[in-house]
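Every chain is numbered from 1, with letters handed out A, B, ... down the list of sequences.
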There are 2 protein chains.
Amino acid sequence: MKLSTRGRYGVKAMFELALHHGGTPVSIKEIAERQNISEYYLEQLFSNLRKAGLVKSIRGAQGGYVLSRPPEEITIADIFNVLEGPIEVSDCITQEMNCSRINYCATRLLWLKISNSINDILNSTTLQDVVNDYNNLQEKTKGKEE
Amino acid sequence: MKLSTRGRYGVKAMFELALHHGGTPVSIKEIAERQNISEYYLEQLFSNLRKAGLVKSIRGAQGGYVLSRPPEEITIADIFNVLEGPIEVSDCITQEMNCSRINYCATRLLWLKISNSINDILNSTTLQDVVNDYNNLQEKTKGKEE
DNA sequence: ACATATCCGAGTAAAATTGTCAATTTTATA
DNA sequence: TATAAAATTGACAATTTTACTCGGATATGT
Ligand code: FES
Ligand code: FES
């Protein structure tokens with residue numbers, strides 16, 4: 001079980017926007033360089049993010065992207081839902097309606113537990129939390145080096 | 001993020017062995033029929049499970065597979081480690097040693113949180129737990145039907 | 001005008017997933 | 001001992017997913 005690059009790149013890209021929130025728009029090129037991600041690939045991801053209403057675009061020179069909402073109102077789940085689709089540990093959970101074995105399925109509860117615990121984290125973690133974690137990390141690193 | 005069939009089939013198959021623990025060996029054919037899984041595909045999975053020491057095989061007629069250890073001593077993590085490999089949410093976690101950005105990586109803590117919560121569940125859930133869940137489900141279903 | 005950007009759709013190579021199958025070996029039992 | 005049941009092994013193959021790449025169109029600040 002592994003996250004695809006879509007989800008991981010997406011969070012990293014959104015993190016960059018969160019860092020610059022309130023300032024000037026950030027271009028795909030900048031993000032690609034800072035996070036070491038393919039520029040063309042990022043285009044696709046941002047296309048999805050924009051259509052989902054998570055980011056706004058400013059076209060033309062000096063343009064780029066900005067967050068549609070403040071970082072504390074965007075969860076990791078929001079991003080994952082757009083780029084990875086919902087977390088489907090097993091179709092025992094999502095297709096429950098038309099499965100004839102649901103009353104005899106031994107493993108459904110297990111998948112449900114896993115699924116819920118992941119979703120809890122994704123729903124409760126916002127971009128602001130990631131920014132805060134990052135700032136704390138920077139503080140600590142700085143302290144150690146001096 | 002989705003589990004592959006290897007992990008899901010594997011747990012279902014091991015659940016069947018857990019149900020019959022202490023009794024006669026269960027053949028691949030039986031499991032394939034009861035859980036509606038390809039017989040040939042299961043062959044591969046059991047080959048891995050046996051090499052990992054989770055099951056013992058009895059060859060020849062009336063043979064099949066049995067659990068190597070009692071169901072309460074086999075965790076879902078044991079099964080997943082064999083069939084899916086370890087849960088690697090992101091290589092930020094597993095390749096931490098040789099990543100030069102580790103002190104600047106904004107998202108590492110996030111992947112770590114997700115990864116830990118999944119592993120907590122997988123490590124703390126045993127085959128016996130799944131059997132118990134199944135028995136409880138049967139009780140409830142029976143109650144409703146009467 | 002021109003350099004920067006986003007926007008959009010298509011294509012593509014490699015990898016992973018999900019099986020299928022044939023041939024061999026082992027063993028209980030009739 | 002003959003037979004059938006069952007594991008063991010290794011190879012192969014179809015399909016899907018992933019992770020990009022690219023070409024051109026459109027928009028806009030300077
Ligand atoms: S709910 Fe259908 S197999 Fe689990
Ligand atoms: S630890 Fe290397 S990019 Fe996250």
Chemist: Regarding A:Y65, tell me which of base, sugar-phosphate or nothing describes its non-hydrogen contacts under 4.0 Å with the strands shown.
Modeler: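 Sugar-phosphate, no base atom in range.
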Chemist: Inspect the surroundings of CZ in A:R34 and state if more than 12 heavy atoms from other residues, nucleotides or ligands are less than 6.0 Å away.
Modeler: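 Atom CZ in A:R34 is not crowded, with 12 or fewer foreign heavy atoms closer than 6.0 Å.
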Chemist: Give the rounded distance in Å between these two atoms: CG of A:L42 and C1' of C:dC8.
Modeler: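 My rounded result for the distance is 16 Å.
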Chemist: Tell me the interatomic distance from A:I28, atom CD1, to C:dC8, atom P, rounded to whole angstroms.
Modeler: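 After rounding, the reported distance stands at 12 Å.
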Chemist: Could you check whether A:K2 pairs with B:D91 (Lys NZ or Arg NE/NH1/NH2 to Asp/Glu carboxylate O, under 4.0 Å)?
Modeler: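 Salt bridge flag = no for B:D91 with A:K2.
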Chemist: Round to a whole Å and report the spacing from CG of B:N36 to C1' of C:dT18.
Modeler: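 Taking atom C1' of C:dT18 as the reference, CG of B:N36 is at 15 Å.
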Chemist: Where each residue is assigned the nucleotide of DNA chain D containing its nearest heavy atom, which of A:Y9 and A:R59 is assigned the position nearer the 5′ end?
Modeler: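 Checking each residue's closest nucleotide, the 5'-ward one belongs to A:Y9.
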Chemist: Taking the side chain of B:S38 as heavy atoms from C-beta outward, which of D:dA6, C:dT6, C:dG19 is closest to it?
Modeler: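 Per side-chain heavy atoms of B:S38, the pick is C:dG19.
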Chemist: Taking only side-chain nitrogens and oxygens of B:R8, does any of them come within less than 4.0 Å of OP1 or OP2 of C:dT17?
Modeler: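 No.
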Chemist: Name the residue closer to the 5' end of DNA chain D, choosing between A:I58 and A:T5 according to the nucleotide with the nearest heavy atom.
Modeler: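 The residue closer to the strand's 5' end, by nearest nucleotide, is A:T5.
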Chemist: Mind running side-chain contact (heavy atoms from CB on, under 4.5 Å) on B:S115 and B:I93 for me, showing each step along the way?
Modeler: CA-CA 9 Å; B:S115 189; B:I93 299 171; 3.8 Å; yes
Chemist: Is the phosphate of C:dT18 approached by B:R6 (side-chain N or O, under 4.0 Å from OP1 or OP2)?
Modeler: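 So the side-chain polar atoms of B:R6 never come under 4.0 Å of the phosphate oxygens OP1 or OP2 of C:dT18.
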Chemist: How many Å lie between CD on B:E43 and P on C:dT24, as a whole number?
Modeler: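 Taking CD of B:E43 and P of C:dT24, I get 15 Å after rounding.
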Chemist: What is the distance, to the nearest angstrom, from the CG atom on B:L83 to the P atom on C:dT18?
Modeler: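 Distance, rounded to whole Å: 12 Å.
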Chemist: Need one value for A:S47: base, sugar-phosphate or nothing, where a base atom within 4.0 Å counts as base even if backbone is also close, heavy atoms only.
Modeler: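 No contact.
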Chemist: Can you work out whether A:E39 or B:A61 has the more 5'-proximal nearest nucleotide on DNA chain C?
Modeler: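 It is A:E39, whose closest nucleotide lies nearer the 5' terminus.
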Chemist: What is the distance, to the nearest angstrom, from the NZ atom on A:K56 to the C1' atom on C:dA5?
Modeler: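 Rounding to the nearest Å, NZ of A:K56 and C1' of C:dA5 are 18 Å apart.
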Chemist: Between the base of C:dT20 and the side chain of B:Q44, is there any donor-acceptor pair under 3.5 Å?
Modeler: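 Yes.
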Chemist: As an exercise, state the distance from CD1 of A:I79 to CG of A:L45, rounded to the nearest 0.5 Å.
Modeler: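 Between atom CD1 of A:I79 and atom CG of A:L45 there are 11.0 Å.
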Chemist: For B:H21 and B:R69, work out which heavy atoms get closest and say how close.
Modeler: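 In this case the closest contact between B:H21 and B:R69 is NE2-O, 4.1 Å.
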Chemist: In whole angstroms, how far is the C1' atom of C:dA16 from the CG atom of B:L3?
Modeler: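 After rounding, the reported distance stands at 15 Å.
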Chemist: Would you say B:S57 reaches D:dA6's phosphate, i.e. side-chain N/O to OP1/OP2 under 4.0 Å?
Modeler: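 Checking B:S57 against D:dA6: no side-chain N or O falls below 4.0 Å of OP1 or OP2.
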Chemist: Quick check for you: among D:dT8, C:dT20, D:dT30, whose closest atom lies nearest to any side-chain atom of A:Q62?
Modeler: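 Selected nucleotide: D:dT30.
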Chemist: Could you check how far NZ of A:K29 sits from P of C:dC7, rounded to whole Å?
Modeler: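 To the nearest whole Å, that distance equals 17 Å.
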Chemist: Side chain of A:S27 only, please: which of C:dC8, C:dA5, C:dT20 is the nearest?
Modeler: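 That would be C:dA5.
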